[in-house]
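For reference, the structure is listed below as C-alpha cells.
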Amino acid sequence: MIKEYRTISEVAGPLMLVRGVENVTYDELGEIELQNGEIRQCKVLEINGTNALVQLFESAAGINLADSKVRFLGRGIELAVSEDMLGRVFDGLGRPKDGGPEIIPEKRLDVNGLPMNPAARDYPAEFIQTGVSAIDGLNTLVRGQKLPIFSGSGLPHAELAAQIARQAKVLGSESNFAVVFAAMGITYEEADFFISDFKRTGAIDRTVLFTNLANDPPIERISTPRIALTAAEYLAFDKGMHVLVILTDITNYAEALREVSAARKEVPGRRGYPGYLYTDLATIYERAGRKKEHDGSITLIPILTMPEDDKTHPIPDLTGYITEGQIILSRELHRKGVAPPIDVLPSLSRLKDKGIGKGKTREDHSDTMNQLFAAYSRGKEAKELMAILGEAALSDTDLLYAEFADAFENQYVSQGYETNRSIEETLDLGWELLKIMPRSELKRVRDEYLDKYYPKTDECE
C-alpha cells in the first residue's frame with residue numbers, strides 16, 4: 001500500500017520539503033493531492049535522512065501545507081512505448097498532445113537510461129544522406145554519430161533541423177528509418193512550425209515528436225531529452241530501426257538545469273551553470289551510438305544556440321568535448337542570403353572519413369572534399385585581400401579563387417530548405433565548381449579521378 005504524508009514543511013519556488021519519509025529514493029516520482037482533490041506530480045531531487053526535497057512539475061500555487069498530501073509511487077518517470085508512437089505528437093513528458101488516443105504500451109521503460117557501455121559499442125561506419133550538400137559532401141554524418149549544430153539567436157536552425165528530419169536516410173534501408181524529434185523550451189509558433197512542416201511533407205509518418213513549450217515547467221524540460229532517447233532506444237534496439245534523434249534547443253535545457261540548481265542553492269560553476277553540467281550532458285549524448293549484435297542504431301543531432309555567438313560558452317564548449325564534431329551556422333552567410341548558412345571551414349565531422357568512399361558514397365568523395373575545402377579557404381583569403389588592397393593587387397589565380405569562393409557559397413552551400421540533393425548530385429556539383437580552376441591548381445585530387453570526372457574542355461587543358 002502506498003503511504004501518504006501530510007508533512008510538507010516548506011515550499012520555495014519549484015521545490016518542496018517533505019519530512020519524515022520512509023524508503024523514498026532519488027528520482028522517485030510522487031503525487032501531491034490538494035485539498036480540492038487536484039493532483040500534481042513531483043520528483044525526488046534529494047534525500048537527507050528522513051527529509052525529501054522534491055521538484056514540482058507544475059506551479060506551487062494553491063498548495064496548502066497543512067491540508068495537502070504527498071504519496072511516493074516507488075518508481076521513476078516511465079515512458080509507455082510502442083511502434084504506434086510513430087506519427088504521433090507528445091508533450092515533454094510523453095503524454096499525447098495531438099488529440100489522438102493514449103498509447104497502448106508494449107512495455108514501460110524508465111526514462112533515466114544508462115549511457116551505452118563502450119565495450120558494447122560498434123564503430124560508426126555507414127553514411128547517412130541528409131540531402132544537404134554542406135553536410136553530406138564536406139562534414140558527413142555517419143550512422144551512430146553525435147554531430148551537434150551550433151547556431152546563434154535568430155539563425156534558421158529550426159528550418160535546417162526540419163529539413164534534416166524530413167530528408168535524412170540511410171542509403172538502401174529507407175523503410176527502416178525513423179526520426180525522434182524533441183523540442184525543448186520553444187515557443188508555440190516554433191512548435192506549430194515543426195508539426196505543420198512534418199505533416200505537410202508526410203515526414204510525420206516516420207517521426208515521434210516531443211514538444212516542451214517555453215511556458216512549461218523547467219523540470220519537464222530536463223526530462224524531455226531523456227524521454228526522447230528512451231523512445232529512440234526502444235525503436236533502435238528492440239525494433240531494429242535506424243533512428244535519427246534531433247534535440248533542439250540544448251541551451252534551453254541547460255538553462256532549466258541552472259534554474260533548478262539555483263533553487264537548490266548549489267555552488268555554481270562557470271556562468272552560473274551547475275558544476276556537473278558536463279556529466280549531465282554526457283548522460284544524454286552518450287546514449288547514442290551503435291551496439292554490437294544489434295541492427296538498429298541511434299544517431300544524434302543536438303542543436304544549441306550559442307549565447308552571443310560565443311563558441312567558448314560552457315554549453316557549446318562542453319558539447320564539443322563529448323560529441324564528434326560540430327556544424328556551425330554563420331551570421332555573415334545568413335546576412336548574404338545563403339540558406340542554410342553553414343560555415344564549412346570551422347565545421348567538423350570527426351567521423352566523416354569512416355562513412356565515405358567506394359561502396360559508401362563514391363570513390364572520389366574524399367579527394368573532392370579536400371580540394372573544395374582548400375579552394376574555398378584560399379578563395380576567402382583572396383576576398384579579404386581584395387577588400388583591403390583592391391582587385392588590381394590580386395593575381396589572375398587569386399581572382400579565380402575569389403570567384404570560386406562566391407560560386408561555392410551561392411551554389412553549393414546555398415540550396416534552400418526544400419532541395420533534397422542525393423550524394424551523387426552533391427559530388428557532381430563539386431566537380432562543376434572545380435571547373436572554375438585550371439587542372440594544375442587541383443593538387444589534392446588524384447590524377448585517376450581528374451581523368452574521370454574533370455571536364456576535358458579546350459580552355460582547361
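Side-chain atoms are counted along with the backbone in the values below, which use heavy atoms only and exclude waters and symmetry mates.
No side-chain donor-acceptor contact under 3.5 Å links R88 to the backbone of V208. Of the possible polar contacts, one joining the D216 side chain to the L213 backbone as a donor-acceptor pair under 3.5 Å is found. Judged purely by atom type and a 3.5 angstrom limit, E220 has no side-chain atom pairing as donor or acceptor with the backbone of N212. No donor-acceptor pair closer than 3.5 Å links the side chain of N51 to the backbone N or O of I47. Remark: the backbone N or O of A125 is paired with a side-chain donor or acceptor of K360 at under 3.5 angstrom. Under a 3.5 Å cut-off, the side chain of T361 and the backbone N or O of I356 do not form any donor-acceptor pair. Checked by atom type and distance alone, the side chain of S196 pairs as donor or acceptor with a backbone atom of F193 at under 3.5 Å.
A heavy-atom distance below 4.5 Å is found between the side chains of L351 and Y123. Side-chain contact check for M306 versus I315: every heavy-atom pair is 4.5 Å or farther apart. The shortest side-chain heavy-atom distance between R362 and K358 does not fall under the 4.5 Å cut-off. Inter-residue side-chain proximity for V179 and R206 is flagged as met; some heavy-atom pair is nearer than 4.5 Å. The shortest distance between side-chain heavy atoms of C42 and E31 does not fall below 4.5 Å. A heavy-atom distance below 4.5 Å is found between the side chains of L34 and I32. At a threshold of 4.5 Å between non-hydrogen side-chain atoms, the residues K146 and E286 count as touching. E33 places a side-chain heavy atom less than 4.5 Å from the side chain of R71.
For the 3.5 Å distance criterion, the side chains of T305 and D249 qualify, holding a donor opposite an acceptor. For the residue pair S261 and E266, a side-chain donor N or O sits within less than 3.5 Å of a side-chain acceptor on the partner. Between the side chains of R143 and S297, a donor-acceptor pair is found at a separation under 3.5 Å. In summary, the side chains of R19 and S9 do present a donor paired with an acceptor at a separation below 3.5 Å, with no hydrogens or angles considered. A side-chain donor-acceptor contact under 3.5 Å links Y253 and D280. Under 3.5 Å, the side chains of R421 and T426 contain no donor-acceptor pair of N or O atoms. Inspection of the E255 and Y273 side chains reveals an N or O donor paired with an N or O acceptor under 3.5 Å. With no hydrogens or angles considered, no side-chain donor-acceptor pair links Q129 and D136 at under 3.5 Å.
Note: L281 CG to Y285 OH = 4.5 Å, rounded to the nearest 0.5 Å. Between the CG atom of L329 and the CZ atom of R331 there is a distance of 10.0 Å, given to the nearest 0.5 Å. Rounded to the nearest 0.5 angstrom, I246 CD1 and L244 CG are separated by 4.5 Å. Going from atom CZ of F127 over to atom OG1 of T140 covers 6.0 Å, rounded to the nearest 0.5 Å. If you take CD1 on I342 and CZ on F150, they are separated by 14.0 Å, rounding to the nearest 0.5 Å. Atom-to-atom distance recorded for R264:CZ and E46:CD is 5.0 Å, nearest 0.5 angstrom.
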- Task: Report the C-alpha distance between S330 and R335 in whole Å, list the side-chain angles of each, state the deciding distance to 0.1 Å, and finish with yes or no for side-chain hydrogen bond (donor to acceptor under 3.5 Å, both in side chains).
- Result: CA-CA 9 Å; S330 159; R335 277 196 285 263; over 6 Å; no
### Test log, rule side-chain hydrogen bond (donor to acceptor under 3.5 Å, both in side chains), inputs Q145 and S349
CA-CA 9 Å; Q145 185 176 5; S349 169; 3.0 Å; yes
Subject >> Derivation and outcome, salt bridge (Lys or Arg N to Asp or Glu O under 4.0 Å), residues R6 and D67 >> reply: CA-CA 7 Å; R6 291 179 178 268; D67 297 323; 5.2 Å; no
request  = Apply salt bridge (Lys or Arg N to Asp or Glu O under 4.0 Å) to K291 and E293, showing your working.
outcome  = CA-CA 6 Å; K291 274 186 184 176; E293 298 170 12; over 6 Å; no
- Does the pair R287 and T230 meet the rule for a side-chain hydrogen bond (donor to acceptor under 3.5 Å, both in side chains), with working shown? CA-CA 9 Å; R287 288 171 71 174; T230 302; 3.1 Å; yes
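Partner of I327 under the side-chain contact (heavy atoms from CB on, under 4.5 Å) criterion, out of L348, I149, I301: I149 alone. If you run side-chain contact (heavy atoms from CB on, under 4.5 Å) between F210 and each of D91, L247, V180, only V180 comes through.
Using the six-membered ring where Trp is involved, F181 and F194 have ring planes that are tilted, between 30° and 60° apart. Using cut-offs of 30° and 60° on the angle between ring planes, the pair H242 and F177 is tilted. Relative ring orientation between Y376 and F408 is described as tilted, the plane-to-plane angle lying within the 30° to 60° band.
Smallest separation of non-hydrogen atoms from G152 and D309: CA-OD1, 3.5 Å. Of all heavy-atom pairs spanning E28 and L73, the tightest one is OE2-N, 3.7 Å. In plain terms, the two heavy atoms of G137 and H365 that are nearest each other are O-NE2, 3.0 Å. Nearest heavy-atom pair across P124 and V142 is C-CG1, 3.6 Å.
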